[in-house]
S.K.: 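Starting off with a structure, shown below.
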Amino acid sequence: MKQMGTLEAQMKNIKSQLSGITATGNAGAGMVEVTVNGEHKVVSISINDIMLSPENKNMIETLVTSAFNDATDKLNIAVEDFSKRQLQNLGLGGFNL
C-alpha cells in the first residue's frame with residue numbers, strides 16, 4: 001500500500017511537470033507563432049506587425065489555426081517522449097503509449 005502512495009505522488013509530480021512543457025508552432029514563414037503548454041492551453045500568440053491590417057483578417061485567422069495545429073502536433077510528440085522517460089524512471093518502460 002505504501003508503494004501505491006509513492007506511485008500516486010510520482011504521478012502527481014509528473015502531471016505537474018507536463019504543464020511546464022511548451023511547444024511553439026508557426027505558419028506563414030514565421031509570420032504567426034502560437035505557443036501551447038502541456039495542458040493544451042495557448043500560452044501566447046505572436047503576429048508579425050506586417051500582417052496587422054484589416055485586409056489580412058482571413059489570412060491571419062488561417063495562419064493562427066495552422067500555427068496552433070503545428071504547436072499541438074509538436075506538443076503531442078514532446079509529451080509522449082516525456083511520458084516514456086517518466087515510465088522508464090518508474091520501472092514501467094515496457095508500456096507503449
Side-chain angles (χ1 to χ4, degrees):
M1 287 306 262
K2 184 178 179 183
Q3 286 179 332
M4 194 60 148
T6 302
L7 185 58
E8 271 183 43
Q10 289 173 328
M11 294 304 287
K12 192 174 189 176
N13 183 37
I14 289 169
K15 186 175 181 183
S16 126
Q17 290 177 36
L18 279 173
S19 66
I21 295 174
T22 61
T24 301
N26 66 70
M31 298 297 264
V32 173
E33 290 186 344
V34 174
T35 301
V36 295
N37 69 15
E39 296 174 336
H40 291 85
K41 297 196 183 284
V42 174
V43 175
S44 67
I45 296 175
S46 174
I47 301 171
N48 188 300
D49 290 343
I50 294 170
M51 298 296 298
L52 298 177
S53 64
E55 60 269 5
N56 288 336
K57 181 183 182 300
N58 289 336
M59 185 186 312
I60 291 170
E61 291 170 347
T62 299
L63 292 175
V64 168
T65 300
S66 180
F68 176 79
N69 290 335
D70 184 41
T72 301
D73 290 344
K74 290 176 181 177
L75 178 67
N76 288 336
I77 291 167
V79 166
E80 184 176 331
D81 290 345
F82 173 82
S83 299
K84 284 179 183 177
R85 286 192 310 274
Q86 294 306 311
L87 285 172
Q88 288 174 345
N89 291 342
L90 293 172
L92 304 172
F95 289 97
N96 290 325
L97 297 176

S.K.: Are any non-hydrogen side-chain atoms of Ile50 and Met31 less than 4.5 angstrom apart?
M.R.: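 Side chain of Ile50 against side chain of Met31, heavy atoms only: contact under 4.5 Å found.
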S.K.: Are a donor atom and an acceptor atom from the side chains of Ser53 and Asn56 found within less than 3.5 Å of each other?
M.R.: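 Looking only at side-chain atoms, Asn56 and Ser53 do form a donor-acceptor pair, the distance falling under 3.5 Å.
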S.K.: Any chain of hydrophobic side-chain contacts (each under 4.5 Å) joining Ile47 to Val42?
M.R.: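 Looking at the clustering, Val42 is in the same group as Ile47.
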S.K.: How long is the gap from OG on Ser44 to CG on Asn37, to the nearest 0.5 Å?
M.R.: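 Output value for this atom pair is 10.5 Å.
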S.K.: Linking I/L/V/M/F/W/Y whenever their side-chain heavy atoms sit closer than 4.5 Å, directly or via other members, would Ile45 and Leu75 fall into one cluster?
M.R.: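 As far as the 4.5 Å side-chain criterion goes, Leu75 and Ile45 are connected within one cluster.
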S.K.: Looking only at non-hydrogen atoms, find the nearest pair between Phe68 and Val36 and report the distance.
M.R.: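 For Phe68 and Val36, the tightest heavy-atom pair comes out as CE1-CG1, 3.6 Å.
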S.K.: Are the side chains of Gln86 and Gln17 in touch, meaning some heavy atoms are under 4.5 Å apart?
M.R.: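 Yes, close enough: below the 4.5 Å cut-off.
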S.K.: Hey, does Asp81 have a side-chain heavy atom less than 4.5 Å from the side chain of Ile77?
M.R.: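 Contact flag for Ile77/Asp81 side chains = yes.
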S.K.: Which value, rounded to the nearest 0.5 Å, describes the distance between Lys12 atom NZ and Ile14 atom CD1?
M.R.: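 Here the interatomic distance stands at 13.5 Å.
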S.K.: With the threshold set at 4.0 Å, does a side-chain nitrogen-carboxylate oxygen contact exist between Lys74 and Asp70?
M.R.: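 Yes, charged N to carboxylate O under 4.0 Å.
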S.K.: Could you tell me whether a side-chain N or O of Thr62 sits under 3.5 Å from a main-chain N or O of Asn58, the two making a donor and an acceptor?
M.R.: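 Side chain of Thr62 to backbone of Asn58, a donor-acceptor pair under 3.5 Å: yes, one is there.
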S.K.: State the CD1-CG distance between Ile60 and Leu52, to the nearest 0.5 angstrom.
M.R.: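 The CG atom of Leu52 is 5.5 Å from CD1 of Ile60, to the nearest 0.5 Å.
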S.K.: Give me the atom names and distance for the closest heavy-atom approach of Ala23 to Ala71.
M.R.: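 Result for this residue pair: CB-O, 3.6 Å.
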S.K.: Quick check for you: to the nearest 0.5 Å, what is the distance between Asn48 atom CG and Asn26 atom CG?
M.R.: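 Asn48 atom CG to Asn26 atom CG measures 12.0 Å (nearest 0.5 Å).
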S.K.: Is the shortest heavy-atom distance from the side chain of Val79 to the side chain of Leu18 under 4.5 Å?
M.R.: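 Yes; the side chains approach each other to less than 4.5 Å.
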S.K.: I'd like to check the side-chain contact (heavy atoms from CB on, under 4.5 Å) partners of Asn76; sequence neighbours left out, ordered by chain and number.
M.R.: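 Listed in chain order: His40, Thr72.
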